[in-house]
There are 2 protein chains.
Amino acid sequence: MDETMKTEPVQELSASLEDYLEAIFNLADESEGARSKDIAEALSVARSSVTGALQALREKGLANYRPYGCITLTESGQARAAEVVRKHNILKSFFVNVLGVDADVAQQAACKAEHALGPEIISRLLSFIKYVTESHRHGRDVAEEFREFHKSRSGRKARTVEP
Amino acid sequence: MDETMKTEPVQELSASLEDYLEAIFNLADESEGARSKDIAEALSVARSSVTGALQALREKGLANYRPYGCITLTESGQARAAEVVRKHNILKSFFVNVLGVDADVAQQAACKAEHALGPEIISRLLSFIKYVTESHRHGRDVAEEFREFHKSRSGRKARTVEP
DNA sequence: TGACAAAGTTAGGTTTGGCTAACTATTATG
DNA sequence: CATAATAGTTAGCCAAACCTAACTTTGTCA
């Protein structure tokens, strides 16, 4: 009997809006309530684009927003944001701690891939990170072993043309 | 002195156009020259959308296309397509053979993630697959071990509320 | 060969997400 | 408190992708 109660089928959200959600979530951690300016900066986007996105998020019931007001997320906004952030962290951790990628490359890749991978993959990825961590504690460090393997392998077949 | 010779900085390509490239590449394998109809079908898109994409690809020098003609890729079109396909296959293989994900879930995920991950990550992923394969040949199968680990772990923490 | 079906294109519309420039509100400061 | 600087909004524009509906080309076959 409450229109907010209609069995939401976890509405689809564009990559772009997920990015805004994530940025707001991160900014709201430090200092409560994000400022439009900082969102724009975090996403390298014009301030006016932020206004547009906030309106969209409000319409979807994800952000508490009114002109000139401070920006927070609703319950469901926080839930969605937390999900995105979780994906992000799992991906980044995998890239860094398993694949041995540089932190900033990993960061960027995670930003993009977080929108592309569903729960099944993410859950297994998390599991895999744990598996690798365990392997470390149990004396045969898979990540370390792989890094060795990778090092010895890379540098091969760089020049396919020259003899 | 040849205008096709201007040091191309590997022009950026949208995810959408990469998808078209990939579809054309795959269709052109069997039967030489892809048909618009089949591209539309492969990508679940209207036929008119394919026409638009083909014009864009032609403008970028990636597809040989003229109205009503048969569709092939140029040299550089093939190169780009092959790159995309390679990413796709590496990702899928990782999802299936390392993470143990179902083939069709992996297929879908690879389709999306292939546009999000750069060469650094892809190269390490490939390396990692090889590492896992080697581990198999050397008698301690990491993939298998992980699947065990995952099985035993999943099913845990399903109900976080009930005691 | 001529007509019809299938394939392809064009025209025109929508949505999303971004931009700049100009305007308005808020905040800070002398 | 007045006013300048900063933050935020609005208006208007653009481009990418997609769509439907109507039209044209091509190819098939009776």
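Values below: all heavy atoms of this structure, side chains included; hydrogens, waters and symmetry mates excluded. Protein chains get the first letters and strands the later ones, always in sequence-line order, with residue 1 at the start of each.
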Whole Å only: how far is the [atom1] atom of [X] from the [atom2] atom of [N]?
{"X": "A:R47", "N": "D:dT6", "atom1": "CZ", "atom2": "P", "result": "11 Å"}
{"X": "A:L54", "N": "C:dG18", "atom1": "CG", "atom2": "P", "result": "12 Å"}
{"X": "A:I24", "N": "D:dG8", "atom1": "CD1", "atom2": "P", "result": "12 Å"}
{"X": "B:R66", "N": "D:dT24", "atom1": "CZ", "atom2": "P", "result": "21 Å"}
{"X": "B:L17", "N": "D:dA17", "atom1": "CG", "atom2": "P", "result": "5 Å"}
{"X": "B:D38", "N": "C:dA6", "atom1": "CG", "atom2": "P", "result": "15 Å"}
{"X": "B:L43", "N": "D:dC18", "atom1": "CG", "atom2": "P", "result": "8 Å"}
{"X": "A:K37", "N": "D:dA5", "atom1": "NZ", "atom2": "C1'", "result": "12 Å"}

Phosphate-side-chain proximity, [X] and [N], N/O vs OP1/OP2 below 4.0 Å:
{"X": "A:Y65", "N": "D:dT9", "answer": "yes"}
{"X": "A:Q55", "N": "D:dT10", "answer": "yes"}
{"X": "B:S14", "N": "D:dA17", "answer": "yes"}
{"X": "B:Y20", "N": "D:dC18", "answer": "yes"}
{"X": "A:T51", "N": "D:dT9", "answer": "yes"}

Of all the choices, D:dC18, C:dC19, C:dT9, which nucleotide is nearest to the side chain of B:Y68 once you look at every atom?
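From the listed options, C:dT9 comes nearest.
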
Tell me, with the steps shown, if A:E83 and A:R86 meet salt bridge (Lys or Arg N to Asp or Glu O under 4.0 Å).
CA-CA 5 Å; A:E83 229 173 90; A:R86 178 171 167 270; over 6 Å; no

Just checking [X]: base, sugar-phosphate only, or nothing, at a heavy-atom cut-off of under 4.0 Å?
{"X": "A:S36", "answer": "sugar-phosphate"}
{"X": "B:S16", "answer": "sugar-phosphate"}
{"X": "B:V45", "answer": "sugar-phosphate"}
{"X": "A:E41", "answer": "nothing"}

So which of A:H150, A:E148, A:E145, A:R147 actually passes side-chain hydrogen bond (donor to acceptor under 3.5 Å, both in side chains) with B:Y131?
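Of the listed residues A:H150, A:E148, A:E145, A:R147, the side-chain hydrogen bond (donor to acceptor under 3.5 Å, both in side chains) partner of B:Y131 is A:E145.
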
Would you mind telling me which residue lines up with the more 5' stretch of DNA chain C, A:P67 or A:A15, judged by nearest nucleotide?
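Comparing both residues, the 5'-ward one is A:A15.
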
Less than 6.0 Å separating the ring centroids of A:F94 and B:F94?
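Yes, ring centres under 6.0 Å apart.
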
Answer yes when A:E134 and B:R153 have at least one side-chain N-carboxylate O distance shorter than 4.0 Å, and no when they do not.
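No, this pair does not count.
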
Test salt bridge (Lys or Arg N to Asp or Glu O under 4.0 Å) on A:K87 and A:E18 and set out the steps.
CA-CA 11 Å; A:K87 281 188 189 183; A:E18 281 191 358; 5.5 Å; no

Does a distance-only test, which skips hydrogens and angles, find a donor-acceptor pair under 3.5 Å between the side chain of A:S48 and the base of C:dT20?
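Flag set: donor-acceptor pair detected.
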
